Amino acid sequence: MIATLLALVIAAPAHADTLVDNVNGITLDQQGKVVHFTGLVIDNDGKVKQLLDRKDKRPERPDFKEDGKGRTLIPGLIDAHGHVMGLGLSLMTLDLSETRSLDEALAAIRKYAAANPDMPWIIGRGWNQEKWGLGRFPTAADIDAVEAARPVWLERVDGHAGWANSAAMAAAKITAATKAPEGGRIEMAGGKPSGVFVDAAAALIDAARPKPLARDLDRAFLLAQAKLIEQGITAIADMGTTIEDWQAYRRAGDRRQLTVRILSYGHDVGDMALIAGPEPTPWLYDDRLRMVGVKLYLDGALGSRGAWLKAPYADAPGQKGLPLLTPAQLRNKMVRASMDRFQVAIHAIGDAANAEALDAIADLNADLPGERRWRIEHAQIVDPADIPRFKQLGVIASMQPIHQPSDRLMAEARLGPERLKGAYAWRSLENAGVRLAFGSDVPVESANPFPGIAAAISRTDVAGQPFGGWHPEEAVSRESALDGFTRTAAYAAFAEDRLGTLMPGMRADFLIVDSDPLLASPDEIRRMTPLETWIGGSRYYRKKGG
């Protein structure tokens with residue numbers, strides 16, 4: 001796939017007056033209203049020149065003409081929250097995301113270790129003890145039973161905990177006396193570390209494992225890019241870009257191998273300043289890359305009980321989760337970024353974390369210059385009393401609809417039924433006037449946006465469960481779901497002047513798909529796949545047989 005993609009990246013020109021005709025065209029305009037068209041004219045800069053209705057005259061001699069054969073054409077979908085290099089590295093390492101039990105995971109570890117005898121460490125991610133029905137965290141002893149000689153380090157599916165074997169803990173010099181850093185937790189068993197390290201404690205193992213080389217990152221990026229384009233993602237907000245990630249993106253751009261558009265948010269203020277310097281970068285590589293802001297982590301994840309809650313977990317009465325920043329640290333980082341006009345995106349999952357993020361924004365709003373467009377990433381569990389504050393403070397809710405069906409049973413266990421009213425509350429936020437930007441959190445979930453759209457409009461999983469939807473009053477309309485993955489996803493990254501719609505003057509990023517998402521059932525949308533992906537007026541993907 002990489003060789004094919006590289007050939008397309010290098011060879012595919014933008015044509016003067018390309019005509020894509022005979023389509024069921026759908027876009028939103030700048031105000032969010034649905035616009036239908038049957039033909040699309042693209043100029044030689046790869047921008048939309050004209051939308052054509054059935055009665056409109058077509059260009060007589062376009063340089064290139066594509067017959068859409070009556071299929072549906074929609075704007076390229078934008079993932080408002082993902083991890084590009086995390087996706088690429090997950091495609092190169094052990095993937096446990098499809099395992100349904102601890103035994104399946106251990107079998108996968110054994111098989112991977114046998115197939116890669118020269119690797120000094122076994123690295124992977126994707127485990128989820130909730131999906132396994134394990135009732136506990138896994139342990140080092142579990143891994144030791146299948147691979148004891150080499151260090152093994154496996155990130156949880158949400159990236160907020162890691163699972164090590166005894167060899168990995170020995171390599172990191174972890175003992176019973178090791179203290180967890182602030183914002184982290186070491187799971188213990190029998191008075192010694194059990195093998196699971198939550199949030200900031202994962203750095204204790206990360207410091208000991210081999211780091212990817214530049215060539216590894218280059219390969220990871222191309223794998224990620226190919227996967228995103230195949231799934232219909234034409235732009236993605238990269239949440240937590242490191243200097244090493246950025247250099248890989250720059251190398252791809254310099255080699256004319258950068259196709260997907262990356263809206264970058266630095267991994268804390270250190271990487272932000274190192275990469276961009278005194279202000280957000282300009283758009284680079286024909287609007288393919290820009291660092292626009294910074295990602296700040298305020299709490300952990302619900303699955304590892306690191307999400308910071310106002311009241312204790314229903315299934316762990318002594319725990320409320322972990323704030324990863326003090327109030328002073330959070331505000332100092334926000335001021336540091338905002339004074340240099342970087343956009344701030346705050347990871348907040350628990351209701352206490354969301355309340356603290358809103359408090360910090362309220363404290364700073366009056367004193368900071370310019371249009372900030374504060375973002376709260378995930379906003380999964382919000383106290384209903386705090387929902388109106390999003391609108392009052394001008395906060396964008398950057399949410400991932402696919403988390404709701406994935407997390408439903410776990411969220412019920414973690415919170416109890418009486419605390420679910422503000423959980424994954426898309427419609428309540430929308431009704432309060434809050435703008436919703438939608439994404440996937442890839443590689444926590446697949447980057448495939450169509451199951452996310454289906455979840456947003458139905459509140460059901462792949463099996464259509466629960467019947468009628470989980471808290472169906474929080475479902476949004478098809479138009480709102482499309483908006484969240486296009487127009488508002490662009491707005492959320494200060495990119496609405498060039499991305500997110502197919503109105504004249506915008507970048508000609510679009511998909512040809514096999515059905516109309518404004519008419520199809522949730523199950524049909526869930527199964528949709530792009531037949532073609534176009535970026536900047538050139539086709540970079542065509543499904544075999546499509």
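Both backbone and side-chain heavy atoms feed into the values below; hydrogens, waters and symmetry mates do not. Since the model is a prediction, treat every value here as computed from it, not as a measurement.
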I'd like to know if the side chain of [X] reaches the main chain of [Y], judged simply by a donor and an acceptor atom lying under 3.5 Å from each other, with no hydrogens or angles considered.
X: Arg427; Y: Ala475; answer: yes
X: Lys543; Y: Tyr541; answer: no
X: Arg288; Y: Thr259; answer: yes

_side-chain hydrogen bond (donor to acceptor under 3.5 Å, both in side chains) for Ser480 and Asp483? Distances and angles first, verdict last._
CA-CA 5 Å; Ser480 291; Asp483 181 276; over 6 Å; no

May I ask you to decide whether [X] forms a salt bridge with [Y], counting only side-chain N to carboxylate O separations under 4.0 Å?
X: Lys295; Y: Asp238; answer: no
X: Arg156; Y: Asp158; answer: yes
X: Arg261; Y: Asp287; answer: no
X: Glu430; Y: Arg435; answer: no
X: Asp95; Y: Arg125; answer: no

Taking the six-membered ring of [Y], is NZ or CZ of [X] closer than 6.0 Å to its centre and within 45° of its axis?
X: Arg459; Y: Trp426; answer: yes
X: Arg341; Y: Phe494; answer: no
X: Arg373; Y: Tyr491; answer: yes

*Apply side-chain contact (heavy atoms from CB on, under 4.5 Å) to His267 and Thr241, showing your working.*
CA-CA 5 Å; His267 184 265; Thr241 308; 5.9 Å; no

If you measure only the distance, is there a donor-acceptor pair under 3.5 Å linking the side chains of [X] and [Y]?
X: Ser398; Y: Arg375; result: yes
X: Ser446; Y: Gln231; result: yes
X: Tyr265; Y: Gln343; result: yes
X: Arg256; Y: Tyr285; result: no
X: Ser406; Y: Glu445; result: yes
X: Glu532; Y: Trp534; result: yes

_salt bridge (charged side-chain N to carboxylate O under 4.0 Å, His left out) contacts touching residues 387-396 (sequence neighbours left out)_ = Asp359-Arg389, Asp386-Arg389

_Less than 4.5 Å apart, side chain to side chain, heavy atoms only: is that true for Pro530 and Phe450?_
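With C-beta onward as the side chain, the pair touches.
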
_What I'd like to find out is whether the side chain of Ile396 reaches to under 4.5 Å of the side chain of Trp374, using heavy atoms alone._
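SC-SC contact between Ile396 and Trp374 ruled out.
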
_The test is side-chain contact (heavy atoms from CB on, under 4.5 Å); show your working for Leu40 and Lys49 and say whether it passes._
CA-CA 8 Å; Leu40 179 72; Lys49 184 175 182 178; over 6 Å; no

Without placing hydrogens or testing angles, list every side-chain donor-acceptor pair under 3.5 Å for residues 344-354, not counting sequence neighbours.
| unit_1 | atom_1 | unit_2 | atom_2 | d |
| --- | --- | --- | --- | --- |
| His347 | ND1 | His378 | NE2 | 3.3 |
| His347 | NE2 | Asp299 | O | 3.0 |
| His347 | NE2 | Asp299 | OD1 | 3.4 |
| His347 | NE2 | Gly300 | O | 3.2 |
| Asp351 | OD1 | Lys310 | N | 2.7 |
| Asn354 | ND2 | Ala348 | O | 3.3 |
| Asn354 | ND2 | Ile349 | O | 3.4 |
| Asn354 | ND2 | Gly350 | O | 2.9 |
| Asn354 | ND2 | Ile381 | O | 3.3 |

*Could you check Tyr249 against Leu284 for side-chain contact (heavy atoms from CB on, under 4.5 Å), going step by step and ending with a plain yes or no?*
CA-CA 11 Å; Tyr249 305 153; Leu284 305 170; over 6 Å; no

*Look at atom NZ of Lys33 and say whether more than 12 heavy atoms of other residues, nucleotides or ligands are closer to it than 6.0 Å.*
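No, because the 6.0 Å sphere around NZ of Lys33 holds 12 heavy atoms or fewer from other groups.
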
*Quick check: are there more than 12 heavy atoms from other residues, nucleotides or ligands sitting under 6.0 Å from CD of Glu182?*
no

*Only one of Gln247, Gln257, Arg255 clears side-chain contact (heavy atoms from CB on, under 4.5 Å) with Asp218; which?*
Arg255

_Reference residue Ile387; test side-chain contact (heavy atoms from CB on, under 4.5 Å); the match among Leu429, Asn431, Leu358_ = Leu429

_Quick one, Arg414 with Asp407, criterion salt bridge (Lys or Arg N to Asp or Glu O under 4.0 Å). Give me CA distance, side-chain angles, the key distance, then yes/no._
CA-CA 10 Å; Arg414 294 286 187 270; Asp407 293 355; over 6 Å; no

*Listed partners of Asp516 passing side chain to side chain contact (heavy atoms under 4.5 Å, CB included), at least two apart*: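 With neighbours one apart ignored, the set is Asn24, Ile26, Thr72, Leu518, Leu519.
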
*Set of side chain to side chain contact (heavy atoms under 4.5 Å, CB included) partners for Val442, sequence neighbours left out*: Asp79, Leu87, Ile236, Ser440, Ala447

*With side-chain contact (heavy atoms from CB on, under 4.5 Å) as the test, would you mind laying out the steps for Arg487 and Asp29 before giving the verdict?*
CA-CA 8 Å; Arg487 187 180 70 109; Asp29 65 15; 5.8 Å; no

*asked:* Lys333: which residues meet the salt bridge (charged side-chain N to carboxylate O under 4.0 Å, His left out) condition with it, sequence neighbours left out?
replied: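 Asp268.
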
*asked:* According to side chain to side chain donor-acceptor pair (under 3.5 Å), who are the partners of Ser428, at least two apart in sequence or on a separate chain?
replied: Glu474

